[in-house]
Every structure is written in C-alpha cells, then in structure tokens.
2 protein chains.
Amino acid sequence: MKQKITIKTIAKELGVSTSTVSKALKDSHEIGKETKDKIQAFANHYNYKPNSLALQLRNQKTKVIGVILPKIVHHFFSTVIMGIEAYANEKGYHIMVCFSNEDYQKEVETLSVLSNGSVDGLIVSIANETLENKDFSHFIDLVEEDIPLVLFDRVVDDILCDKIVVDDVGAGYKATKHLVDIGCKRIGLITTPDHVSVGALRRLGYEKALIESYVKTDSKLIIKIDEKQDIKKQIEQLFEQNIDGIFAVNEIYAANAMRIAKEKGLNIPNDISIIGFTDGLISEYSSPSITTIAQHGFIMGRQAVELLIDRIENETEVFTPKKIVISSDLKIRESTKTSS
Amino acid sequence: MKQKITIKTIAKELGVSTSTVSKALKDSHEIGKETKDKIQAFANHYNYKPNSLALQLRNQKTKVIGVILPKIVHHFFSTVIMGIEAYANEKGYHIMVCFSNEDYQKEVETLSVLSNGSVDGLIVSIANETLENKDFSHFIDLVEEDIPLVLFDRVVDDILCDKIVVDDVGAGYKATKHLVDIGCKRIGLITTPDHVSVGALRRLGYEKALIESYVKTDSKLIIKIDEKQDIKKQIEQLFEQNIDGIFAVNEIYAANAMRIAKEKGLNIPNDISIIGFTDGLISEYSSPSITTIAQHGFIMGRQAVELLIDRIENETEVFTPKKIVISSDLKIRESTKTSS
DNA sequence: AAAATTTACGAAATCGGTTTCGTGTTGACA
DNA sequence: TGTCAACACGAAACCGATTTCGTAAATTTT
C-alpha cells in the first residue's frame, strides 16, 4: 500500500510545523513567500490531497446528501436521481443512494444509519409498506433531531418537512378529461391500493373529471392492482366491462392493458383509448406509442436538492415546511384518438 | 438545532472519563457492572449513536463504495446498481453513486474527489468519451495509489484491476446464430462506433457466427450509430438493403428498428426477425415483444462488489487482477420466427 | 503481614486536518 | 536607542471517537 501523503508528512519532510503547512496550502498571508512556495511545490509534486474525512469531522459537515428510494429500476425514480445528482454536484455535494425496496424495515434501518452523521441531509420517497403501515415515527424522529429532510412523490402530511410532489389530482383530472373530450364514454381506471398516496390522488382527479363531465362513475370500472398477484389477470377483469377508455396510473399497467386489448382484437385507439403515467421508454417505444402523463422527474429531483441544500446551509433560519407541486403534462401519442 | 449527544457529553454528565464511556458502551470487562449499567442506560435513554465520521477517521475506512456510471436512466445500469447495493448492504457497506454522463472531464473530476478518502473502493463503468479519447491515466493513477477498483461492462485492458464483463462476443454470436438458425439469410447489425468496446465485441460475435455459417458478411449490412445524430434516420438506411434479420446491440436500437419495420409494412417476425440486447421493459412490453440478450445486471453488480470488498478487506494479499465473464442468455420472444 | 494480582478507571496518544493564540525576530519610527 | 508594529512561524486545542498504558485501590496469594 503506497503511503498516502498527509500534512504531517509534508511538515516533517520540510522541517516546518503542520500549522505552517496547512496555512501555506491555503495561501495564507501569515506565511512567507519562500516557505509557501516550497510547501506548495512539494505538495503539488506528491499530489497531496487533504483527507476529506478529517475535514468533514472538523467542519461538522459531509457535503453528502442521502437519498432513499423505494426502487431504482424504474424510469421515474432514475430520472429523479439524475436531477438530484446534477444539481447536488453543481453545489459541491455528493449523493449516497440507498434503496428501501418498498420494505418498511429496511427503510427504518437505512434512515437510522444515515442519520449518524454520514450525511448532511436526506431526500426520501417513502416505501409502499411504510405507507401501508402508516408508521412514520422514524421520519418524525429525524425531523426532531433537526436533520434536514425532503420528501418527494410519495409523501405524507404527518411529517413536518419540505415536500415535492407532482400534481397527482390535476394529472389524473387532465388525463381523464382528455379521454372524455375525445369521446370516451366508459373509462376504466387501473390504479394502486388506496394506501399508495399517489394512486389515491390520481383517482380523485379521475373522479373529478368524470363528475364534471356528467359521466357516471362506476366502481366496477376501477381496478386496484395488488402487485403481489398477477397484474395481467387483474387487468383482464376490467375488460369484462364494456369500456372504451383506460387511464392507468403507471406505465406498466398501461402497457399491460394495451397488450390485453390487442389480444382481444381491439383496435387502439379506435376501439379503446389508453393513457398511462410516467413518460418512460415503454410509452415512447411501444406501438402504438402510449399517451401519457409526463412527470418531469428531473425537475423534481432538482427542486428537491435545491430545497434541501437551502435547509442545510441556512440552518439558523426559522424553518417553515414548504410543499412544492410540480405540474405534469399530458403527452399525446398514438394510443388515444384525436377526436370523437 | 438539537445538540447531538457525544461521548464527551455522557462523560461529563456522569462524571466519568470518555474512555470509560467508550469502553462501557462496548461492554468491556474493564468497566464495573454498576458503571456500565449507568452509562448504558444513559446512552440508551438519550439515543446515543457514535459519530460515524469520527469512527471512519479513526479506523481509516469509510465502509462506503463509490460507484461511477455513465448514466442511470437505463435498464441495465439501474439493474447493476441494485445488485451492487444489495450485496454491499449485506456486508455493511453503503454506496455513493455518481454519474459521468458519458463525459470524460466529469469522470476525471469525480474519480479525483472520491479518491480523497471518502470511499474504500470504486466500481466504475467507463464513459463513452473516455473510451473514445483512450486516455485512461486517471484510472491508472488510481491503481497506483492502490485504491481498490473494479471495472464492469465497459472495461479496457490498459487498467490493471478486477473486471466484470458480459460475454459480449459470445452474446453477439448467440444472437446471430439464432437468426441464422431460424432461416435468416441477410442479417443486419445495428451497433455502436468501434470505440465503444462492448459494441465492437458484439460485432465480433456477429461476424463469427456468420462466417461459421458460411453466410457472407457485408459491410453494407452494418450500421454504426452516432448518437449525436438522429438514430431513426440512421437505422432507416439499413432498410434500404434487402434484409430479413436484425441484431441490434441495445434495446433502443432494436425498438427503433421494429418501429421502422412496421412503418414499412413489414410483418415481424415473418418478414423480418429482430433481436435486441438488454432485457429491459421495452423488450418485454413492446408488441411484438422483442427477443433479446439478457445481461443479468443484478448478478454483475453483485459480483463486482464481491470482488471489490474482497480487495478492500484483504489488502495485504498479493493482488492479481481477475476478470470475470458473466454469460448472457438469449431470451426468445415474439420478434423472431420459431423456425425457417 | 507482605507481596502479588486483579479490578476499575483515567490520562494521553491517535486519526488528519484547521484555527486561535503566542512569541521571537526584524524593521520602522520617535 | 527604546518602543511598537509587522512578519513568520509554532504550540496546542479541537472535531469525536478508540485504545494503549499507567495506577490507585481492592483482593488474593504466600
């Protein structure tokens, strides 16, 4: 193991004190020009880099942001990470990424470990199991320890911290309204169980659009997917109803619905129009390409770090939790009719 | 800011020395039962957690693994990250994730920052620009500093470190051979420019399969995509040739090819069979679903950390770089004929 | 009862930096 | 020539832990 060069090494080698070396390397006026030059040349030659751990300990900050996601093999979340990393880097921060895998226990543990001082703050999207349990005490503890925390996408009101969300109700409304506008009469909804907050909100938007358009809502047209079961089989039930439009709260559900529709010999979009959620690769490349709600994950990530870094760097200020709503766009593609 | 509790606080509060506290918390036999109980109870009550930075500095290890990827919004890379994180966590490590965005300069900087002691080792897949430049000195410096390094997927021989790769030649061979076997006579290849090592290797496999099968290779059937230009237009050129099979070295190229084929009114797989690379969501959900080479990213990630942690924890051992080849599977779906 | 050992704890060094506060030397000014 | 400021540098504290070593008191051994 090649010995890493430290301030102490330099000091000994050059016959000066460590304080002199430290000051010389920061170009302090306290140090004479000759000494400075000598030290800088030496440090440069041996490619001296200050040990970041020592600095972190001294400064009581790590310049690291912890990010906990439910999963990563997922277009939306990976886009958010991109946004987080890009802006964090700009600001001189790095990110430590962990996954809860939708698991409550792992979320608790990860949170506990990361709050030991390894990060200056945290950005989290809550695990499904936690949303189901409704046990948020691990987050509340964090807030009480005054560790900066930003929640995004999957958030809950019980936790007093900054939050970034997509306008899920609005998006659900926008999608459903579009289906109505192009002439769909019986619109199915493929959503998540109620405890998944985003699913519930998108459903609200769906219902709002129907009511506003005087279309009767029908609970038989709403399927709540249990991901532990076979997704396709559950969606197939929806096709037993007489439907001419589908709003799915994510890409996978939409893709599955499209597949089933094709298998049943339905023409998309003429017999049935489909709108998904998340503007991922599936929506873009499947055929027909899928009309979808684009969530702007990159912007969400960026906003999340922005809020977080602001919190971290202005700790003295009185803190009032902010909630930022990112609007989402309907991206019209081939899976929806152009008019009635 | 609520004051974090430290060993010093406990010591002062309980009228003992910091060493006593430290030992008591580790249940050392050196400390009397009463004192121990008192300290442990106190620490427990105030939810004391040792400052990890202090420990890292003292132990000269961070239990953090740096991961540098070219991009993340990509099925293969996000799968690899999953694998890395899963096994790293099992072993008590965390991962710091950075992205080079295929950019040489950012790769150099990131590498430099992370090698300041913030991580115990690094897992990297090289940026495209770096591969093009052929300037690997930043990696070579790293190796000379004896910082454990594992390269995966995009690797180069010039760097003496552990490597994990997919059997790209074999995979290219397997895919092409399959096309030959089902009766394709003129097989197009959609690949990357030569400097992208994986693309070049997959091409070798393609050529090998053709030669072995006494099919004439034809450079007009090979398209090297320049990602700075319009991908679809480039692929369209291939369709000016008379082809009945396509092997694309990634999912996006395959999806684009399929789209063009459909636009031209070709029936897939009867008129033309298509095989892609990376078993992502596009391949799975497009219709027809795409026959592809599954790369087992999760396993690659896991193997990479395994090698790395082994390196980190057995630094004394003489080091001989290993290269692990992960075999890949042909996953047959609907975009290829079942027989000739 | 004296010697040896064990028990229970504290002082201080260490990890690698930064920073405050002194201090000896030099030069300028009265 | 005496005084004072400026200059150039070092000693030591500090960040928060661990760990070695030393030692007083208690206990056991001889």
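All chains are named by letter (A, B, ...) in the order of the sequence lines, taking the proteins before the strands, and each is independently numbered beginning at 1.
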Check your understanding: So, is Lys8(B) close to the dC15(D) phosphate, meaning a side-chain N or O under 4.0 Å from OP1 or OP2?
Key -> yes

Practice item. Using a 4.0 Å heavy-atom cut-off across all strands, classify Leu57(A) as base, sugar-phosphate, or nothing. Key: base

Check your understanding: Looking for any heavy atom pair under 4.0 Å, which part of the strands does Ser52(B) touch: base, sugar-phosphate only, or nothing?
Key -> nothing

Check your understanding: Side-chain N or O of Ser22(B) less than 4.0 angstrom from OP1 or OP2 on dT19(D)?
Key -> no

Check your understanding: When the distance from CG of Leu53(A) to C1' of dC15(D) is rounded to whole Å, what number comes out?
Key -> 12 Å

**Study point:** Basic-acidic side-chain contact under 4.0 Å: Asp120(A), Lys63(A)
**Key:** no

**Study point:** 5'-most by nearest nucleotide on DNA chain C - Ile7(A) or Lys33(B)
**Key:** Lys33(B)

Check your understanding: Does a salt bridge link Lys106(B) with Glu129(B), judged by any charged N lying under 4.0 Å from a carboxylate O?
Key -> no

Point to revise | Any N/O donor-acceptor pair, Lys23(A) side-chain to dG10(D) base, under 3.5 Å | key: yes

Practice item. Report yes if at least one side-chain N or O of Thr20(B) is closer than 4.0 Å to OP1 or OP2 of dC9(C); otherwise report no. Key: no

Practice item. May I ask you to evaluate whether Tyr48(B) reaches the phosphate of dA17(D), defined as a side-chain N or O under 4.0 Å from OP1 or OP2? Key: yes

Review point. How is Gln60(A) classified with respect to the nucleic acid when contacts are heavy atoms under 4.0 Å: base, sugar-phosphate, or nothing?
Key: sugar-phosphate

**Study point:** OP1 or OP2 of dC9(C) under 4.0 Å from side-chain N/O of Lys36(B)
**Key:** no

Check your understanding: If you look at every strand shown and take non-hydrogen atoms under 4.0 Å, does Ser19(B) touch a base, only sugar-phosphate, or nothing?
Key -> base

